[in-house]
Amino acid sequence: MSRATILKAVRAAAAQRRPAPLMRQAVAPSGLKLAQSLLSGTLIARLCACGVIVERLRAWDAVPAAVLKVVTAAGQPLVIRHGADALFNTLAWNQVPNLQRRTGAASREDKTSLSRALSAISETGTLVLGSGPDNPVTLSFLPELHIVVLDETCIFETMDEALARVRSPGDAPQLPRTVNLISGASRTGDIGGRLVLGAHGPRQLAVLLVGGSQENGASEGRRQ
């Protein structure tokens, strides 16, 4: 069998197995809304399959209360650490007076951190976080509970689309120092074949999805 024949057969098989991208289903405004809903649904399913807590919120004003809810449910002290992200300073934290906030890079003493994702990859259930003063990289690795806020409009189907958001985020004048791809809480099975949580980072990951459809209730998630 010639090389050309083999390559032709491989290409034909690959074309049959390749699924149609979700975004290409959008052909009208209503289709665009449906496509975004499908992207969000796929992302949530992937995250929940990895034991991630997911809360769907109608607006940014609901973030402080959702943060308090997650922290309380996790049994952590009512203290969070976040970076200098200007968005966080605009939120109504006075609605949750019992929750204390600290800013700057995280230390080993911090139990809960709050970050904002630049984008997310629907097909793999992955969050894309850029590091810098607004979201120090230590927030993603040191605390036991990591809460990530994500704008639903920043969910994309593929890695290429999600990373394009990193290259031109619109509200950031330069590229982040590093980019971290997070698909769940830290875990490893390398030692004795036993699953260990928190080996390289947080033991729990929670995602606050802002702007999501509330057709299935105010929140949905799965606790590990």
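Because the structure is a prediction, the values reported are computed rather than measured.
- Between Arg56 and Glu152 the shortest side-chain heavy-atom distance falls below 4.5 Å.
- Note: Thr103 OG1 to Asp85 CG = 12.0 Å, rounded to the nearest 0.5 Å.
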inquiry  = Set out, in order, the CA-CA distance, both residues' side-chain angles and the distance that settles side chain to side chain contact (heavy atoms under 4.5 Å, CB included) for Leu163 and Phe156, then state yes or no.
reply    = CA-CA 9 Å; Leu163 291 182; Phe156 301 93; over 6 Å; no

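- In this structure the side chain of Val128 reaches within 4.5 angstrom of the side chain of Val179, judged on heavy atoms.
- Residues Asn135 and Leu114 share a closest heavy-atom pair of OD1-O, 4.4 Å.
- Here the CD1-CD1 distance, from Ile147 to Ile53, works out to 8.5 Å after rounding to the nearest 0.5 Å.
- Considering CD of Glu55 and CD1 of Ile44, their distance stands at 10.5 Å, rounded to 0.5 Å.
- A donor-acceptor pair under 3.5 Å links the side-chain atoms of Ser131 to the main chain of Thr178, judged by distance alone.
- A side-chain contact (heavy atoms from CB on, under 4.5 Å) with Val71 is found for exactly one of Ile80, Asn98, Val96, namely Ile80.
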ask   = Going through the checks in order, is the side-chain hydrogen bond (donor to acceptor under 3.5 Å, both in side chains) test met by Thr153 and Asp151?
value = CA-CA 5 Å; Thr153 61; Asp151 188 327; 2.9 Å; yes

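- The two residues Asp61 and Gln95 come nearest to each other via the heavy atoms O-OE1, 3.8 Å.
- Counting heavy atoms from C-beta on, the side chains of Met159 and Thr124 never come closer than 4.5 Å.
- For the residue pair Gly125 and Arg46, the shortest heavy atom distance occurs at CA-CB, 3.4 Å.
- Pairing each heavy atom of Gly130 with each of Leu118, the nearest pair is N-CD1, 3.8 Å.
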Val79 vs Arg102, side chain to side chain contact (heavy atoms under 4.5 Å, CB included): CA-CA, chis, key distance, verdict = CA-CA 8 Å; Val79 182; Arg102 299 171 180 171; 3.6 Å; yes

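- Looking at Leu181, Ile121, Asn180, Leu205 one by one, the single match for side-chain contact (heavy atoms from CB on, under 4.5 Å) with Leu127 turns out to be Leu205.
- Evaluation of the ring-ring contact (aromatic ring centres under 6.0 Å, His included) rule for His82 yields Phe88 as partners, not counting sequence neighbours.
- Hydrophobic clustering keeps Val166 apart from Leu139 (ILVMFWY residues linked when any side-chain heavy atoms are closer than 4.5 Å, directly or through intermediates).
- Taking the side chain as every heavy atom from C-beta outward, Ile182 and Ser140 approach each other to under 4.5 Å.
- Gln76 and Glu144 get closest at one heavy-atom pair: NE2-OE1, 3.1 Å.
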request  = Evaluate side chain to side chain contact (heavy atoms under 4.5 Å, CB included) for Leu39 paired with Glu157, printing each intermediate quantity in order.
outcome  = CA-CA 6 Å; Leu39 290 174; Glu157 183 185 4; 3.8 Å; yes

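- Rounding to the nearest 0.5 angstrom, the gap separating the CD atom in Gln204 from the OG1 atom in Thr112 is 9.0 Å.
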request  = Please assess Leu68 against Leu78 for the test side chain to side chain contact (heavy atoms under 4.5 Å, CB included), listing each intermediate value before the final yes or no.
outcome  = CA-CA 7 Å; Leu68 177 61; Leu78 301 184; 3.9 Å; yes

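- Listed here is the closest heavy atom pair of Pro143 and Thr138: CD-O, 3.6 Å.
- Both Leu87 and Val67 are part of a single hydrophobic cluster, where members link through side-chain heavy atoms under 4.5 Å apart.
- Interatomic distance, Leu47 CG to Cys50 SG, rounded to the nearest 0.5 Å: 7.0 Å.
- Between atom OG of residue Ser113 and atom NE2 of residue His146 there is a gap of 4.0 Å, rounded to the nearest 0.5 Å.
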